[in-house]
Amino acid sequence: MVYDSQKIETHWQARWNAEKVNHTDIDESREKFYCLEMFPYPSGYMHMGHVRNYSIGDAMARFQRLMGKNVLYPMGYDSFGMPAENAAKKEGGHPHTVTERNIAMIRTDQERMGYSYDWRRMFATSTPEYYHWNQEMFLKFREAGLVERRFAPVNWCDDCDTVLANEQVKNNRCWRCGLEVIQKDMAQWFLCMTKYADELLDELDHIDFPENVKSMQRNWIGRSNGAHIDFQVSNSDLVIGAFTTRPDTIFGVTFVTLSPEHPLCEELVSGTEYEKGWRDLRDECSRMSEFERINLLKEKKGTPLGRSVINPLTGLEIPIWVGNFVVASYGTGAVMGVPGHDQRDYDFAKKYGLEIKQVLSREEGGIANEENPVFDGLGWMVNSANSKFDGLFGNEAKAAVIAALESDKKGKGTVQYRLKDWLLSRQRFWGTPIPMLHCESCGVVPVPYDDLPVELPLDVTFSWDESGNPLAGHDDFLSTNCPQCNGPAHRETDTMDTFYDSSWYFMRFADSTNKEEPFNRNKVDYWLKGGVDLYIGGIEHAVMHLLYARFFTKATRDLGMNEIGEPFGRLVCQGMLNAPAPFCSECNTEYHVDNFGGTCPNCQADLGSRSAKMSKSLGNTVSPGEMVDRYGADTVRLFILFGANPEAGMDWSDNAVISNHKQLCSIIDAFDYGIKLADSPGPLDSWLLARLRLNQRHWRDSMDSVSLREGVMVSHFQMLSDWQWYLRRGGSDRATARRFLTGWAPMLAPATPHIAEEFWSLLGIGSKSSETMLATHEMEFELEDDNDLEVLSLEAYLREVIESARNLRSLAERHSEGSISKLVIQTSPSWKIKLAREAVRLESEGFDFKQQGQEYLKSLELFENEKLRGEIFQTWMTMTTGSKKKRGRIHTWNPGEKQLLISGFDENEVINSASHFIASVLDVDSVVSYSVGDGDDIGGKARVAFPLEPGIAFI
RNA sequence: GCAGGGGUACCCGAGCUGGUCAAAGGGGCCGGACUUAAGCUCCGGUGCAUAGUGCUUCAUGGGUUCGAAUCCCAUCCCCUGCACCA
C-alpha cells in the first residue's frame, strides 16, 4: 500500500461525515463520557497549541467510544472579544465579518485534522442565538440578588479602553495587552461571586484538578480567619476597624496603622500640624506605580497622625500612624501594629521609635523577650493586661480574645477574602449588551424577558479614528422607551466581559439548539453528571475561566436550572509546546529564529540554541497546515501524542516527526504483509496472541488514565515490534495474523484514526456502513488465557538466553584464538531443577527458609550424595536465602518463571527447537544444548548452569 | 516570605504503593546487515570492568532497613502561582 495520507484522510473524513458517526444523543442505557477542550477564541488559522489540545481530546473521545461509552464531544467558538474589534478597525469593517471569516478558517483546519466533533452542536457566542441567554441569565441573577451596580474604583486599561476584572490584572498590567492599568472611579456592574467564596474554596478538596490549579484558586480566594477589632479614637466618636488573623496578640498592640488612602485620615488630621506629613505621604504613594509599591526592597515609611485610639481590652491609648505598606483594598485598610510578633511591624516600630511589647512565649510558662527576627509563631499568652488570658495557647488564645471582644461589643470573629466580586461590565462593542435601561424617571430598569435579545447593531463602521464604544453614539441602539412608564429611556451601552460567555458554554453544548431556554435541565443533568468527564486546556485559565465557570454552575444550580454544582470532573492542563530558538547563555536571553547561526545582538557572543515556548515573537512556530500537507494529520497527531504525556512540556523536533511518519509506514507494511499470509500454523501463533492480549490490557489501562504517551507506546510501537518478532521467529499464519491485526487496528484509532479506519476496511470488516466503521465500533477484548503466562514466559526465556549469549559473545571472542563458529549451551542438571521446584513450592506455602531451610535440605534424599553435598548446599542457599548482596532466586523469579519451573519445561527442547534462529541471530554456524553431564563440559560451564540460566560457551 | 511542582544516564523522559532496577521508551551517537549507493530499511551497542557473578551511579549530605532512584530528615538548585494580605 502506498501511503498517500492526503487521499486516505480526506476520504475517511468524508465518510465519517456522511455516515454521521460522531452524532450523539442521550442514551440512558450507556455510560456517558463528556470530553471537552477549552473554548477557542477564533483568531484565524489553528496553531500547534490548538493541535496539541484537540489531539489529546480527540484521542480520548475516540478511545471512550471504543470502550462503548456514549461520548459527547463538541466544538464551538468563544467569538466575542477585542481582537475582532481591532481587526475590524484595521480593515474598516465590522467585527461580525471578521469573526465569521475566522471561524470558517479554524473550522476547516480542525476538520482536516480529523477531529471527531459532533458538529451539529457547534455554536459561536457572538450570535444572538447564544447571547440572548447570556442576557436572560443576567436578569435571573439580578432577581436572585447576584447583580449589583456600584460606583467603585476599578482597573482601567487605556489601550483596551475598558475596565478589567481583578483576575485580569497581572502585575498591575492588563492580561491582554500588557499596558499598566490605572484606577478609575466608575459606576459598574458586578456579579456577586463572593457569596460563593466558601463553597468555591471548600469544594476544591473534592475536585480532581491538578494540585497547582487548586493551589492557585485557593490563593486567589484567599480566605483568612481572624477577627475584626474596633479601636475607638480617643476623644471622638470615630472608630477604626482593623482586621487581624492574630487576635491572640491584642495585648501587644502598640500602634494602629492606616493606609494613606484611608477615608478617616483627612478627618483626623485636618487643620493640625500632622496634616502636611500625611498629605505628602499620600501623594507619594499615589504617584508611585504599583510595581514600585510592591517592591519588597522598598523602605517602609510612615507618619503619625497625632491622634490615638484605645485598645479595647486594655483601655490603654496607643498612637495612630499612617504607613505606606498598608493596602487600602485589603481588609479594612487598617492594621493593628504588633511589633513584638510581626516582623513588618517590628521594623516599622524600630524605625520610628515606637514601643515594642512581647505578649507570647515560646514555651509554656516561659517568659517573652524581645527577639529579632521576631517570634511570629503560635505561643502561650503572657503579659496580658488581664491575667485570665495568660497561659492560653494558639487557637484557644485567639478564641478567648474574640469572645472577650464580642461580649464587650468591641469586635467579632470574622473571615476575610481576597476574592472580590466579579466586575462584569466592559466599555466595548463586541460583547453581550447588558440588558438594562436608564429611564429618566424610573432610573435603572431591566429589559423585559420578552424583549430579549438586545441585539448588537450591524450597521456600525469601525475605524481607528473613533475611540470609545460605538454603541454610545448609535442612536437606534441607544434610544428606547421605559417598559415601566413608557417614557424616554436609553440603553445601557456597557457589554459583558467575555469570560461570562465561556462560563456556561459547556452546558449549552448539551442542548445547543434550544430556542426556548439556555438549556434543558434534563439534558444538562445527563451530560454533566459528575461534571465534564475530561476537560483539557491551558494552565493560563487556572484562576479566571475555571473559577468563573465554577461560580456560574453553582449560581445556575441555585436558580434551579440544573443539579450539577461542579462543572468539571477531571481537568488536564496540557504542557507547553516548545521549539528551538537562538539563545545567548551570557545574557540568558532568547532571540528570534532569524538570529540562528549569528551572534548575540547584545554581547556579540556566539548564539547557541535552546528550547523555548513556541511564540510569534521568537518566530519558532511550526505551521500545522504545512506539516499536515507534508506528512498527513495522522503523523502530526502521533508525534504530538507520543512526544510527551499531556501534562508535560514537549519539544518540537523535525527529526522526531519524520521518524513518527516512518513508524506509520512500518505499521502499514505490517498490515499489508499480514493480510496476505497463507494458512501456516506454527508454534509462535499462541505467543503472538498472548502478546496481543497483554498489550491490550496495558493499552486500555494507560488510555483510561489519560497516559496517552504510554498508550501510544503500546499501540504504535510495542505492537509493531511484537509483530516483527513473530515474523523473525518464523510465524506466518493467516488466521493468527488476522486475529492480531483485527485486535490491533482499533488500538491505532485514537491517535491515528484515518490509517486505522483504512486498515479496518482493508481487513474487510468495516467501511460498508456506519455500523461497521471503526469510528463507531465497540471494542471487544479477548479474555486472557490461563496459558498466556507460560506461553509468554517461554519466549521470554529464549530471549533471555539469547541476550546473555549476545553479551558473552564479544567477551568470548577475546579469549578464543580462531573465529567463533559454535554455541554450546549446558542446561542445569536435573537435581538443581528439582531443588528449584521444591523451593518455589515451599515459598508459595509461606515456608520460612531462614529458620528451617537448612534442616529441610538435609532431610532430602538428594542430600545423601556426599560428592555433591557442597554444591547442593550452595545452590540451595542461592535459591532461597541468597547472599548479603543478592536475594534468593525465589524472590527474584517472576511469576512466569516460577510457572515455567513448576510446569517442568525442558530448557534443551526450547533451545534446540530454536537453534537455527539462535544461530542466525548470534552469527554462529550451529547451536547445541544439552543438560550438564549429557555431553562434554565445554569451557567448564557446567558449574554455572542454573535453572533458567544455562551455562553458555562459544567455541 | 508563603504555597504547589520538580532535580533520573549525551538529550527528552518513565519508574518513585521499597527488592525482579545498570534503571522502560524515544531522540542522538556508534557498529553491523541489506543495497550500485545512501541522510532508506532491519539488527545490535551506548557507566566502568569482565567468558556471565564485580564495581560505581538516579541533585547533595545524613537516617530507617537484611535491602533505597523509591520511605524519613536536612541542605542546595530550578520552574509556577501568590505576596509589605495584616
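Below, chains carry the letters A, B, ... as their sequence lines are ordered, and counting in each starts from 1.
Of the candidate nucleotides B:A86, B:A3, B:G44, B:A3 has the atom nearest to the side chain of A:Ser215. With distances taken from any side-chain atom of A:Arg709 to the nucleotides B:A86, B:C40, B:G13, the minimum falls on B:G13. Comparing B:A24, B:A51, B:G44 against the side chain of A:Ala812 picks out B:A51 as the nearest. Proximity note for A:Arg418 (side chain, C-beta onward) versus B:G44, B:A51, B:C85: the nearest is B:C85. Out of B:G45, B:C84, B:G52, the shortest distance to the side chain of A:Arg344 is found at B:C84. In this structure, the nucleotide among B:A51, B:A86, B:C84 sitting nearest to the side chain of A:Thr244 is B:A86. With distances taken from any side-chain atom of A:Leu808 to the nucleotides B:C43, B:G52, B:A86, the minimum falls on B:G52. Of the candidates B:A51, B:A86, B:C84, B:A86 carries the atom nearest the A:Val326 side chain, counting heavy atoms from C-beta on. For A:Lys662, the side-chain atoms get nearest to B:C40 when compared with the rest of B:G52, B:C40, B:G25. Residue A:Tyr330 has its side chain nearest to B:C85 when only B:C84, B:G52, B:C85 are considered.
Regarding contacts with the backbone of B:A86, every side-chain N or O of A:Thr257 stays at 4.0 angstrom or more from both OP1 and OP2. Look at A:Arg218 and you won't find any side-chain N or O under 4.0 angstrom from OP1 or OP2 of B:G81. OP1 and OP2 of B:C40 both lie 4.0 Å or more from every side-chain N or O belonging to A:Ser666. Contact between the side-chain N/O atoms of A:Lys941 and the OP1/OP2 oxygens of B:A51 is not found at any separation under 4.0 Å.
The separation of B:G45 from B:U64, taken at their P atoms, amounts to 40 Å, rounded to a whole angstrom. Of the P atoms belonging to B:A22 and B:G47, the separation is 14 Å, rounded to the nearest Å. One P atom belongs to B:A86, the other to B:C78, and the distance between them is 27 Å to the nearest Å. Comparing the C1' positions of B:U65 and B:C71 gives an interatomic distance of 10 Å, to the nearest angstrom. Taking atom P in both B:C11 and B:C21, one finds a spacing of 23 Å when rounded to whole Å. Of the P atoms belonging to B:G44 and B:A24, the separation is 15 Å, rounded to the nearest Å. When the C1' atom is compared between B:U60 and B:G7, the two are found 11 Å apart, to the nearest whole Å.
Figure legend. B:C82 is base-paired to B:G1; pairs are counted as Watson-Crick or G-U wobble with both atom distances under 3.5 Å. Under the Watson-Crick or G-U wobble criterion, with both distances below 3.5 Å, B:G18 is left unpaired in every strand shown. Nucleotide B:A74 forms a Watson-Crick or G-U wobble pair with B:U60, both donor-acceptor distances falling under 3.5 Å. For B:C29, the paired nucleotide is B:G45, the pair qualifying as Watson-Crick or G-U wobble because both relevant distances are below 3.5 Å. Base pairing of B:A24: no nucleotide in any strand meets the Watson-Crick or G-U wobble criterion (both distances under 3.5 Å).
Remark on RNA chain B: of its neighbouring residues A:Met336 and A:Met216, the 5'-side contact belongs to A:Met216, judged by nearest-heavy-atom nucleotide. In terms of position along RNA chain B, the nucleotide closest to A:Pro950 lies nearer the 5' end than the nucleotide closest to the other residue of the pair A:Pro950 and A:Val335.
In this structure, A:Phe954 reaches the bases: a heavy-atom distance under 4.0 Å links it to at least one base atom across the strands shown. Residue A:Gly951 is classed as a base contact, given a heavy-atom separation below 4.0 Å to a base. Within the 4.0 angstrom heavy-atom criterion, no nucleotide atom of any strand lies near A:Arg809. Among the atoms of the strands shown, none is found under 4.0 Å from any heavy atom of A:Ile539. When heavy atoms are screened at a 4.0 angstrom cut-off, A:Ala953 is found touching base atoms of the nucleic acid. A:Asn212 comes within contact range of the sugar-phosphate backbone alone, with a heavy-atom separation under 4.0 Å but no base atom that close. Across all strands shown, A:Glu803 has heavy atoms under 4.0 Å from sugar-phosphate atoms exclusively, and none from any base.
A donor atom on one side chain and an acceptor atom on the other are found under 3.5 Å apart for A:Asp937 and A:Gln826.
Using a distance-only test at 3.5 Å, with no hydrogens or angles considered, no donor-acceptor pair links the side chain of A:Ser929 to the main chain of A:Ile911.
Within the model, atoms CH2 of A:Trp893 and CG of A:Leu948 stand 6.5 Å from one another, a figure rounded to the nearest 0.5 Å.
Of the charged side-chain nitrogens involved, none lies within less than 4.0 Å of a carboxylate oxygen, so that A:Glu795 and A:Arg691 do not count as a salt-bridged pair. A:Lys300 and A:Asp345 are not joined by a salt bridge, as no carboxylate oxygen comes within less than 4.0 angstrom of a charged side-chain nitrogen. Ion pairing of A:Glu897 with A:Arg889 is absent here, as no side-chain N (NZ or NE/NH1/NH2) approaches a carboxylate O to less than 4.0 Å.
Between A:Phe348 and A:Phe255, the two ring planes are tilted [angle within 30° to 60°].
By the 6.0 Å and 45° rule, A:Arg344 does not stack over the aromatic ring of A:Phe325.
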